[in-house]
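Structure record follows, encoded as structure tokens.
Chain identifiers are assigned alphabetically (A, B, ...) following the order of the sequence lines, protein sequences preceding nucleic acid strands; residue numbering begins at 1 within each chain.
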Number of protein chains: 2
Amino acid sequence: MSESRDPRTRVIPEATVARLAVYLRVLTGLADAGRASVSSGELASAAGVNPAGLRKDLSYLGPCGVRGVGYAVPALRERLARALGVEQSRSCVLVGMGNLGSALAGYAGFGTRGFSFVGLLDADPARVGDVVGGTVVRPVDDLEEVVAEHGVTIAVVTTPAPVAQSVCDRLVDAGVRSIVNFAPVTLQVPAGVDVRQVDLSVELQVLAFLDQQKGVQVVGEQVVLP
Amino acid sequence: MSESRDPRTRVIPEATVARLAVYLRVLTGLADAGRASVSSGELASAAGVNPAGLRKDLSYLGPCGVRGVGYAVPALRERLARALGVEQSRSCVLVGMGNLGSALAGYAGFGTRGFSFVGLLDADPARVGDVVGGTVVRPVDDLEEVVAEHGVTIAVVTTPAPVAQSVCDRLVDAGVRSIVNFAPVTLQVPAGVDVRQVDLSVELQVLAFLDQQKGVQVVGEQVVLP
DNA sequence: AATTGTGAACATTTTCACAGCT
DNA sequence: AGCTGTGAAAATGTTCACAATT
């Protein structure tokens, strides 16, 4: 038997999954603008990737387009949303209602992207009871209850670094299997739990490195400053 | 001539650079705790990577440790800071003082990580004059002036999506060559300018995909739900 | 005895080139 | 004629195993 071509059994590379989310964002913009179809070249340019790579990414979902024509915008958008598992809205909790947590909870864009925050939690009694983005902030002690209540499997951690690991442990014990962590610590989790780390300091340091390199040119043995 | 081993001329892979920033964060914690030395195993575990990979990452900087012993914490930390170009503080501007921009500008951790925000800019006159993290918010019209004043080469964009591209264009024209973008759009920039995109929706959608996969098991031709 | 540094094997990801449809 | 879909090639990244060193 040759390798299966059935989209149900084909594995999608992780790098591709991240780009599919970007294509979905671009397609939503095109759909809102009333566009009916789009070519791989235009979509790739809007997403900042190479057109052949985009076609390969989409090919993991099975044939999506029409040769000689392009892709139908609404159909492709639906297909991507289904593949990513955001066809119907998914419930998330957010722990840590400091400035960053409040900013994220208040951003209306998540609703249109397939996520809703059913629980906002904070350890500070002064913040409990506040309403952010239409949801009331509850005490962090309610964590297990909120997760169970809504069958939450995705959480966002925006707590101070020193408590992020213990919050993470509680989330995992409560049944959460996917976490986005904004605290600048590496979370330790058991196998089967996925963590995505977002750290502005790391992003800035990568840029500082690239920036520094731009000012240095190596010719033979000599380092030349332009 | 064989390939150069001179650390000045050796290229460091981008994936490695991102991890070096994480090692730097862990080392700073260890230094603060008074630790003098650390092994690749312990450092790797704290950073969430494989020990052999960590040693290979560090080897791009030239020999860093002592065989049979480990790495000297303060020396390695300094070496990493120098390699990343964050030995002395770098000036950045931040455009867009909404909730997210304010949260980032107010986070004290950047100072200790080698960055200082010398310009906070916003288009809303109601926000201009506010003081966030010790810096006064200025009108976005001052963008070119602030960048020139401090020779800024790194910027953070936290504006609403519709204006992010035009802000980006102005930053690039003013001389900025490195941008972290939090707006959910793909910025178009000329060659020589680096953009790092941070998008919580993309992170959540990747997790939604992985989450969905956990619930599906394929046996032969059959898709089985556990 | 313990731990680093690294070549070699392996895996993944990106790019290319072009066959295959419409 | 134009654009998609994809195998093959190239590049990049990761893991392993072990020699080298203290």
Per nearest nucleotide of DNA chain C, the residue lying toward the 5' end, A:Val66 or A:Pro13, is A:Pro13
Return yes if a side-chain donor-acceptor contact under 3.5 Å exists between B:Ser178 and B:Arg196, otherwise no.
-> no
Does B:Arg67 get its side chain close enough to the base of D:dT21, under 3.5 Å, for a donor-acceptor pair?
-> no
From D:dC3, C:dA17, D:dG5, nucleotide with atom closest to A:Pro63 side chain | D:dG5
Can you tell me how far P of D:dG2 sits from CD of A:Glu42, to the nearest Å?
-> 16 Å
Short side-chain N/O contact to C:dG5 OP1/OP2 from B:Tyr71, under 4.0 Å = yes
Could you give the CD1-to-C1' distance, from B:Ile12 to D:dT14, as a whole number of Å?
-> 17 Å
Just checking, any donor-acceptor pair under 3.5 angstrom between side chains of B:Tyr71 and B:Arg77?
-> no
Could you give the CG-to-C1' distance, from B:Leu54 to D:dT15, as a whole number of Å?
-> 14 Å
About how many Å separate CD1 of A:Ile12 and CG of A:Leu20, when rounded to the nearest 0.5 Å?
-> 6.0 Å
Can you check the A:Tyr60 OH to C:dT14 P distance for me, whole Å?
-> 9 Å
Please examine the side chains of A:Val156 and A:Val95, heavy atoms only from C-beta on, and report whether any two atoms are closer than 4.5 Å.
-> no
Below 4.5 Å, heavy atoms only, C-beta onward: do B:Gln212 and A:Val86 meet side chain to side chain?
-> no
Residue A:Lys56, side-chain heavy atoms: nucleotide from C:dG5, C:dT15, D:dG5 that is nearest | C:dT15
Could you tell me the separation between the CG atom of B:Asp57 and the P atom of D:dT15, rounded to a whole number of Å?
-> 10 Å
Whole-Å distance separating the CD atom of A:Glu14 from the P atom of D:dG13 | 16 Å
State whether A:Asn50 places a side-chain N or O below 4.0 Å from either non-bridging phosphate oxygen (OP1 or OP2) of C:dT13.
-> no
Figure out the CZ/C1' separation between A:Arg19 and C:dT14, and round it to whole Å.
-> 8 Å
Think B:Arg55 has a side-chain N or O under 4.0 angstrom from the OP1 or OP2 of D:dT15?
-> no
Calculate the interatomic distance between A:Leu43 atom CG and D:dG5 atom P; express it in whole Å.
-> 12 Å
Compare side-chain N and O positions of B:Ser40 against OP1 and OP2 of C:dT3 and report whether any pair is under 4.0 Å apart.
-> no
